A.B. asks: 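What follows is a single structure, and I will ask about it in a moment.
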Amino acid sequence: MSAQSMSADQRWKFSADRIPADLFAELRRDNLARWPTGSEVDVDEAAAFHKALPRHKQLGWVMRRADEEGRCLTQPRGGFGTLELQLELMRCLDKEGQADIVPTTTDSYTRNERWAEAEAGIEESKKAGRSMLNGYPMVNYGPRTTRRLIEAIDKPAIVLSGTAMPRLTSEVGFAAGFSGYLGSGLAYTTSYTKETSIEAGIRNYQYLDRLAALYQEKGVDLHRRQPGFLTGTNVPPCIAILTCVIDALLAAGQGVRNYGLELAQTLHLVQDAVAIRACRELTQEYLAAAGYDDVFTPVTSLHWMGAWPHDDAQSQALVAYGGTLAAVGGAVSVTTKSTHEAYGIPTPQANAEGLRTTRMAIYLARHIRLDTLPEYRFELDLVKREVRPIMDKVLEMGDGDVAVGTVRACEAGVMDIPWSPNRHLKCRVMPARDADGYLRIFDPGLMPFDAEVLAVHEERLRKRAERDGVPYDHDLAVSSVYEISEPLSNLIPFPWAAE
Amino acid sequence: MSAQSMSADQRWKFSADRIPADLFAELRRDNLARWPTGSEVDVDEAAAFHKALPRHKQLGWVMRRADEEGRCLTQPRGGFGTLELQLELMRCLDKEGQADIVPTTTDSYTRNERWAEAEAGIEESKKAGRSMLNGYPMVNYGPRTTRRLIEAIDKPAIVLSGTAMPRLTSEVGFAAGFSGYLGSGLAYTTSYTKETSIEAGIRNYQYLDRLAALYQEKGVDLHRRQPGFLTGTNVPPCIAILTCVIDALLAAGQGVRNYGLELAQTLHLVQDAVAIRACRELTQEYLAAAGYDDVFTPVTSLHWMGAWPHDDAQSQALVAYGGTLAAVGGAVSVTTKSTHEAYGIPTPQANAEGLRTTRMAIYLARHIRLDTLPEYRFELDLVKREVRPIMDKVLEMGDGDVAVGTVRACEAGVMDIPWSPNRHLKCRVMPARDADGYLRIFDPGLMPFDAEVLAVHEERLRKRAERDGVPYDHDLAVSSVYEISEPLSNLIPFPWAAE
Amino acid sequence: MTKAQATPGYDRSAKTLVTGVIGADTHIVGNRILSMALEKEGFKIVTLGALTPADEFVKAAIETAADGIMVSSLYGQGELDCRGFRDLCVEAGLEDILIYVGGNLVVGRQDWADVERRFLDMGFDRAFPPGTRTDDVVRALDADFAERERRSAKAS
Amino acid sequence: MTKAQATPGYDRSAKTLVTGVIGADTHIVGNRILSMALEKEGFKIVTLGALTPADEFVKAAIETAADGIMVSSLYGQGELDCRGFRDLCVEAGLEDILIYVGGNLVVGRQDWADVERRFLDMGFDRAFPPGTRTDDVVRALDADFAERERRSAKAS
Ligand code: B12
Ligand code: B12
């Protein structure tokens, strides 16, 4: 890294403000110089490529249209270590899986900017004849070669790269013709890093969001998306929604206008439907309060993100229910898993099956809405009462600057995330499932929830402890991590069997 | 058949009244003489066997207990042509499938009392090494040998024998130790026969119900069950419920006190939940009016009974949703299908997978209830308004005798069933799916529905015709037969694909 | 649904087809929809309905001087029911009658090519797998009847 | 959950175990639950957390004079990350240290016997498949430590 690059980064004061154009140009130059394929990036050429794509291959347009038409689109995850394997995968997901949105997941070396190791992984994969990487090394292949992926399919494509360091991958991805990009500063830093500070993670995504806004200036409506799943481990809706609101405010600050919000399913039909609606409403509420009234924020529902059962038949129920929950909740898209989830990265065929099962489930439940159910209304009110005091406190701690407020709130434990590997969080909040199948907060840590609200959570969790005949303690949370992956003989045995 | 037998049958006047004990004894003697294994039947010995079974192998007890505990039990279908194959199947369903209730489906020759042909089928199956019969020929094997099936499992067992002629099979089944028996006079006569009169079918099931009552007198609480699925082809809840009410009244008349009601799923979350509740309430309402206040009538929900898709992945969604619908509707048990449904009788393994997927789906949805949803309340009221005028008319036509009334109502088209092969029905009523996914009545035939109620149906169906851009005609019904079996590319294509 | 060809190259209304479900089989829905569709496309249809013994098909075919018999079998025992069906036709003097069979012809999920061969060996002109749509049946009838017309035109 | 054996036949509190998730892997949940469970069962635990390079395991093991290293790998790249792990230990003078590996060790769904063999060949004492519960790990540790005590008792 050159001294020049250090200084552009140093001159960039940390705040929620939009990065000035000239400073951003410097940041970009430094960034693109970090790996040879960076030199292939040309935003004007890329913008022209995007605009020449048919609308149905542009995710920004597709998400807006799906929302208008009340559709629930399907999208899998998936990435393999070589271009050839990735081409085959994407074609399969497009055709056999009938995916509406086709993904490219990057490998973990790429996510950690360890491109040299990724290079070795490509070679190993070619030698072994199977993927030794857990995703597609996009930076190593570079935008020109990667564009072949876009050309191979007849759907819009999205980059999935779980990392706090997306600067170069996003440059390559957008330049290659990907019209969607998943990831955000708060969510991914807390789910994917140990030492990285929240500030550093937010900065990196401010870069990415500023880049998306640059395309927007050039007339390309890219779809940016926030990954609300976090650690995927029993994250209650309020915490996922808080992350969505914060990351959406940060993105809007950089000029993003097409920003999806993801929510991992809790697997409770009512809680998930409530969460999907509350997420969009609360995000819009805080965007409006911050002066943004033109940000499109569709919600994507994610198939169960916690541990899966080691039984294909059980997993089929999770896959199908994942479609049901998304459709009933009115999500604009759903991200799918497969029956291989507990074992490893799915084959293209298993992935395609997961898509089709989900699609059928969506078809079956497409008419169902629960908004008028009293229980729904109770939970909708509850989740809003959960989110607002904390979100208001975050903004207050930053004196109105959400970037600064978020860093301080994480340090203080005001904003917290369960089961995170990141050292810059308290990681004291602890969720558990209650007697009625809702995810609740067992231990709020230092998060300033309303006492009344917490009383509801505690009451429900005590009901469960009582029903299960176990103490009201931390084990409620640990057993909730395993729950969904338990064999059926533990979950619902034949009740009256002989001894 | 001896002259003696003719005359016992002749002396038995057709009505809803309980068959007198002495006449019944004569009927039984004649019946048991029709095939050599009939001589093995000894009700006292069998009653002792039943009472010696552990409670959890007695379906009567198990259904009552499941209802008290708010459980939704699982049960597959399944029968193979030889004892050995059937043993293996039942063990697999019990252990691998974790079925709560284990079935024995009889073959179609047995159902048509063509025992000589069934005998040939056994031989052919043994020669071919695979089942050439579509079920287990229970009468040919007889009660003594068949008891080995009961001994091989640790769950209660039920006989599934879709026929209007259950007299000998039921004798053999109960004597063998089966504690459940599916079938009823109106439902099965209209779904499984062409020439058999409704009167003949009802008589045959009066025999069976009277037999169950005989066991009841001896202290054995057998579970009798009504198959509400009828022709399995888009039967709207009101028609299935009418059949349940009629058959329940007939059974109660013979002394049955443990009588399950089956309902095929419409695949609409609200309609199915409403149907399950309405079925039990309406049946109890008419039982009470007829003076029966002690008949236990739990409802069983059936996985989609119409045509299935030729894609395992799609079928998985139907299987899983089948569990969801049953659980949300509060059914006491669910009868499952498998991903092989469109192709043929499933392998034991596919059958077991269907059970496990369903069980997981039940686990996931076990807390959900929709009773307070306004849409639910509207539909609950509607279905009751559909059933009552027709049921009242049926009773009126029989001058209070439900047996006589049913025969006359079928002749007159007052009681009608869609897509039936039976010549003694008008078969003019014609259902179709509406714009919101509800099964409605497109053509009431001669059934005396309320004009207001029919107006609701027509309005909803016209909405669908309009949405689909098709004429409001009979094709709405035909396309609804295919609908669920259509490939996804017809059901929900990627909406904006290139031409 | 794509429409079947409009001008089949022969006169559909001159062709009589007997339809029914063979054996102890009550699955009437597909057979009824098929009958309705064939009628709509112009064929003369004689419907025997569900639960029809093999000899009744032949009797009806003779009585109506039918050109073809459409046998449905869904319940899995078709393999037993359909044995000797061609012989019955031949014995009755219907050597050349077109016979089709369709539905879920065997017990369980078996390889279709294998199942098809078994039924063609039994003497059926064509066998159709589960899920067959009526348009495909019409297309097959058109091809076979047109071919027969050509053959008999040549022969004479 | 069935409880692990109460009296393992050696002193668990005298055993120190280093735990962590190897490579660029952030899957911390299972590793954290495992660490908590081992601690509860009486072992001394040194937790390195997620995203731990191979050499940090070895460094920590030397510093704490550990008796075993518990390597988690979930994200699929474990096969690359774990190569040479035993050599690193040996080079650092930890010839005899017990090393276990567990999680989703390879990319995709592969035959477990095959995967296990690959990791044993790399020098791990045991490898554990996806879905392993903490009780089974405790049982394995008990067996291995007890066996080692017996061996060293004999040797001396
Ligand atoms: C509805 C149904 C029923 C209804 C039938 C109602 C009625 N009166 O018709 C009920 C519930 C009563 C029923 C009963 C039984 N059924 Co059933 N049933 C079905 C189901 C779900 C749909 C059939 C259907 O209506 N399809 C819709 C129509 C439009 O399609 P189709 O029938 O396939 O017909 C089309 C084509 O096949 C073709 N075609 C049909 N015939 C012909 C003929 C020719 C010449 C040609 C060219 C084309 C052709 O054109 C038609 C129109 O497109 C199927 C499974 C499935 N397909 O999903 C099982 C299925 C056919 N049934 C089956 C069985 C076993 C039974 C029972 C024996 C079992 C039981 N457990 O009760 C009994 C049979 C009793 C008896 N004696 O016949 C099995 C057959 C198994 C096998 N072959 O291995 C199936 C496949 C289910 C399964 N996987 O187990 N069934
Ligand atoms: C939750 C989860 C996540 C969370 C992790 C949150 C966190 N900070 O921990 C999030 C969402 C962030 C995530 C991210 C990713 N994940 Co992930 N994830 C899972 C998931 C669903 C559950 C894991 C889990 O927590 N299980 C619960 C715990 C209690 O069980 P466990 O981890 O297996 O641990 C137990 C045992 O294995 C054993 N054990 C564990 N370690 C050890 C060590 C020893 C020595 C012993 C004896 C025993 C042992 O004991 C533990 C306690 O019982 C699994 C799939 C599944 N299992 O259902 C995928 C899975 C592990 N993830 C996978 C992948 C690919 C990823 C990503 C690369 C992909 C992506 N698309 O984003 C990234 C990884 C990024 C990175 N750099 O690491 C793959 C791995 C693929 C493979 N091996 O082929 C899996 C299998 C999913 C799949 N089928 O694709 N993931």
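When reading the values below, keep in mind they use all heavy atoms of this one structure, side chains included, and skip hydrogens, waters and symmetry mates. Residue numbers start from 1 in every chain, and the chains themselves are labelled A, B, ... in the order their sequence lines are given, proteins ahead of strands. These numbers were taken from a predicted model, which means no experiment stands behind them.
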A.B. asks: Relative to Tyr75(D), does Arg111(A) satisfy both conditions: NZ or CZ under 6.0 angstrom from the six-membered ring centre, and within 45 degrees of the ring's axis?
C.D. replies: no
A.B. asks: Would you indicate whether the side-chain heavy atoms of Asn104(D) and Ile345(A) approach each other to under 4.5 Å?
C.D. replies: no
A.B. asks: Which one wins on heavy-atom pair count under 4.5 Å against chain A: Leu48(D), Val21(D), Asn31(D)?
C.D. replies: Leu48(D)
A.B. asks: Return the option, out of Pro130(D), Ala37(D), Gly76(D), Gly23(D), with the maximum number of heavy-atom pairs under 4.5 Å with chain A.
C.D. replies: Pro130(D)
A.B. asks: Looking at side-chain heavy atoms only, is the closest gap between Thr26(D) and Lys194(A) below 4.5 Å?
C.D. replies: no
A.B. asks: Rounded to the nearest 0.5 Å, how far does CZ of Arg32(D) lie from CH2 of Trp419(A)?
C.D. replies: 7.0 Å
A.B. asks: Suppose we screen for side chain to side chain donor-acceptor pair (under 3.5 Å). Which residues come up paired with Asp25(D), at least two apart in sequence or across chains?
C.D. replies: His27(D)
A.B. asks: Enter the distance from Met36(D):CE to His474(A):NE2 here, rounded to the nearest 0.5 Å.
C.D. replies: 4.5 Å
A.B. asks: Check each atom of Ser420(A) against the heavy atoms of chain D and say whether the ones under 4.5 Å are side chain, backbone, both or neither.
C.D. replies: backbone
A.B. asks: With sequence neighbours excluded, tell me which residues meet salt bridge (Lys or Arg N to Asp or Glu O under 4.0 Å) with Glu262(A).
C.D. replies: Arg225(A)
A.B. asks: Before giving the answer on side chain to side chain contact (heavy atoms under 4.5 Å, CB included), spell out for Leu80(D) and Leu133(A) the whole-Å C-alpha distance, their side-chain angles and the decisive distance to 0.1 Å.
C.D. replies: CA-CA 9 Å; Leu80(D) 295 177; Leu133(A) 294 174; 4.3 Å; yes
A.B. asks: Heavy-atom distances under 4.5 Å only: say whether Thr347(A) touches chain D with side chain, backbone, both or neither.
C.D. replies: neither
A.B. asks: Return the CD to CG distance between Glu117(A) and Asp81(D), rounded to the nearest 0.5 Å.
C.D. replies: 8.0 Å
A.B. asks: Would you compute the distance between atom CE of Met132(A) and atom CD of Gln77(D) and round it to the nearest 0.5 angstrom?
C.D. replies: 9.5 Å
A.B. asks: Do the non-hydrogen side-chain atoms of Val481(A) and Val29(D) ever get within less than 4.5 Å of each other?
C.D. replies: yes
A.B. asks: Heavy-atom distances under 4.5 Å only: say whether Asp107(A) touches chain D with side chain, backbone, both or neither.
C.D. replies: both
A.B. asks: Sort by residue number and list every member of residues 49-57 of chain D having a non-hydrogen atom under 4.5 Å from chain A.
C.D. replies: Gly49(D), Ala50(D), Leu51(D), Thr52(D)
A.B. asks: With only heavy atoms counted, which part of Thr233(A) is less than 4.5 Å from chain D, the side chain, the backbone, both or neither?
C.D. replies: side chain
A.B. asks: What's the separation between atom CG in Leu74(D) and atom OG in Ser108(A), rounded to the nearest 0.5 Å?
C.D. replies: 11.0 Å
A.B. asks: Name the region of Asn234(A), side chain, backbone, both or neither, that has any atom closer than 4.5 Å to a heavy atom of chain D.
C.D. replies: neither
A.B. asks: Can you list everything that forms a side-chain contact (heavy atoms from CB on, under 4.5 Å) with Tyr343(A)? Sequence neighbours excluded, please.
C.D. replies: His310(A), Asp312(A), Arg109(D)
